[in-house]
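Have a look at the structure below before the remarks.
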Amino acid sequence: MALRIFNTLAGRKEVFKPTREGKVGLYVCGITAYDVCHVGHARSAVVFDVMARYLRYLGYDLTFVKNFTDVEDKIINKAKAEHTDIFEISDRYIKAHDEDMAALGIAKPTVTPRATEHIDGMIELIEKLLAKGLAYVVDGDVFFSVERFKDYGKLSGRSLEDMLAGARVDVNEKKQNPLDFALWKASKEGEPWWESPWGHGRPGWHIECSVMSQKFLGETFDIHGGGEDLIFPHHENEIAQSEGATGKPMAHYWLHNGFVKINNEKMSKSLGNVCTISEMLKNYHAEVIRLFMLQSHYRSPVDFSDKSLSEARTGMGRFYTTLKAMKDFLVSCEAHAEITADMLSEKHRNVFEQLEALPVKFVEAMDDDFNTARGIGHIFDGVRLINAYMAESRCFPKAETCFVLRFSWKKIRELGMVLGLFMEDPDVYFKQDNDREARKRGINIAEIEHLIKQRREARWAKDWGRADEIRQRLAEKGVVLKDTPTETTWKIV
RNA sequence: GGCGGCAUAGCCAAGUGGCUAAGGCGACGGUCUGCAAAACCGUUAUUCUCCGGUUCGAAUCCGGAUGCCGCCUCCA
């Protein structure tokens, strides 16, 4: 089976064929650096992070470019309001972005260029478009003429007539056609500017992506991605600029991720329900957020709520409970000699083979347009299999069991690597989880531990009434105890 | 007004022509346990919003209805 991906350009799934054997060029539109990132950015980042990881897992030599827009109206306005320049603003939010992404476990793209580093390239590209008659200059502004680019509308699936019928375009008498868009804008008083053949000015919004993708990935590259809202006008305009200038396809596959809703409402500043990544990370482990997102298909909308995130947390707890049990089991394995797969007896071999098949099933799911939800379903199956296997062989750690569990651990981590999950040490995960939940709910950890100590004494005295009373008291706070032969551990449900 | 998407169990969510409609959360019953927890086993959609059609066969394709959502203006 080969990787198939849903191409917005074609409107259907297509078999993925890289332009150059073994290599993939991926360009994703990054943020405009004028504010902190929210969960919508997080989703896009997680989705394309997983795609990038998966392409590498398949063995492709990937070049992943994700840009920053660091000159734009909103940045200029914010700089004015704070009596500073745009670079201070964009630097601040790029730094915040990088911290958020690192906290979410997003692997760094290969290149993260900034628009203002490529002004020369933009001017060159605009001159090329002017020379080809696809653009025109009016009073220091340069516009792209959509009528002169025959494929305009091919990505978003609309015709010029359709769009004009909508007629919700701002009136600008400089434009020959209301849908023409700015490649270069003459700078107004007090705005940042760069020298250009058309006077002092600054780039339009779309040109940077055409230039930077060309520079780092070439005139034609493999995959271009972004949020679904970018299909029109941003990506449509990128295609017009790039393909207008080169006469070659810009990207073969266009991928768009679905939106995030909050409590079933569109997230927007006007509704006041924008949830930032840093707020989200205070309440949930990064992997919980990732699991939540990856349990839906990347093109569907997802609905963020405390309920949905809590469910994801429970699911994540299930994974780590198994990983913890495996880890504890494997500690007792040190005394056992290494064996090989062909030495396994039938029962053990059966489990081994099912785990061996897990990556195959996972790849089959991921090959179908990055179906992470199905892939995760397979991992849950694997976890149940491992749990059953451990329950059965719990008391008898033998060389065979150790071999199979070591192998299982490797397989689970291998798939986790693709999804950016299961990267924590299980003990660290649960410790962090308890601390976070205790803080969220105002539970005093010292008090819990004190009560557990009292209960231990009651249990030694076989005072079950007192022991159960303490258990009950803690349960009311959401603290659940687990007695093991050696100790009592707790967690918050 | 134009373009597009979605509708699957109590909830979330895979599945896009044919063998038993994944998986998670929840609930219930059982095993285990001093009691619990975790884990395991079992049960939880004869049916995929509704109405027509195509087909030997449809959740899956086509037409229509209803409902929800997105884009067309900055937006991941």
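Bear in mind the structure is a predicted one, so any value in this text is a computation, not a measurement.
- Listed by chain and residue number, A/Phe403, A/Phe407 satisfy the ring-ring contact (aromatic ring centres under 6.0 Å, His included) test with A/Phe352 (two or more places apart in sequence, or in another chain).
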Can you tabulate the close N/O pairs, meaning under 3.5 Å, that link protein atoms to atoms of nucleotides 16-22 of chain B?
none

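- With RNA chain B read from its 5' end, the first of the two nearest nucleotides for A/Arg299 and A/Gly315 is the one closest to A/Arg299.
- Considering only side-chain atoms of A/Ser300, the nucleotide from B/A14, B/G24, B/A76 that sits closest is B/A14.
- In this view, A/His378 satisfies the ring-ring contact (aromatic ring centres under 6.0 Å, His included) rule with no residue, not counting sequence neighbours.
- OP1 or OP2 of B/C40 lies within a sub-4.0 Å distance of a side-chain N or O belonging to A/Asn387.
- For RNA chain B, the residues of residues 65-78 of chain A within the heavy-atom distance limit of 4.0 Å (strictly under) are A/Lys74, sorted by number.
- For the two cysteine residues A/Cys333 and A/Cys402, the thiol sulfurs sit under 2.5 Å apart.
- Of the P atoms belonging to B/A76 and B/U44, the separation is 46 Å, rounded to the nearest Å.
- Among the protein residues, A/Gly227 comes within range of the sugar-phosphate backbone only, with heavy atoms under 4.0 Å from sugar or phosphate atoms but none that close to a base.
- Contacts of residues 468-493 of chain A with RNA chain B (heavy atom under 4.0 Å): A/Asp468, A/Arg471, A/Val480, A/Leu481, A/Lys482, A/Asp483, A/Lys491.
- For A/Arg318, the listed nucleotide lying nearest its side chain is B/C25; candidates were B/A14, B/C25, B/C71.
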Provide a list of protein-nucleic acid N or O atom pairs under 3.5 angstrom, restricted to nucleotides 68-70 of chain B.
unit_1	atom_1	unit_2	atom_2	d
B/G70	O2'	A/Glu228	OE2	3.4

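- Of the candidate nucleotides B/C11, B/G34, B/A39, B/A39 has the atom nearest to the side chain of A/Ala391.
- In terms of phosphate contacts, A/Thr372 brings no side-chain nitrogen or oxygen within less than 4.0 Å of OP1 or OP2 of B/G23.
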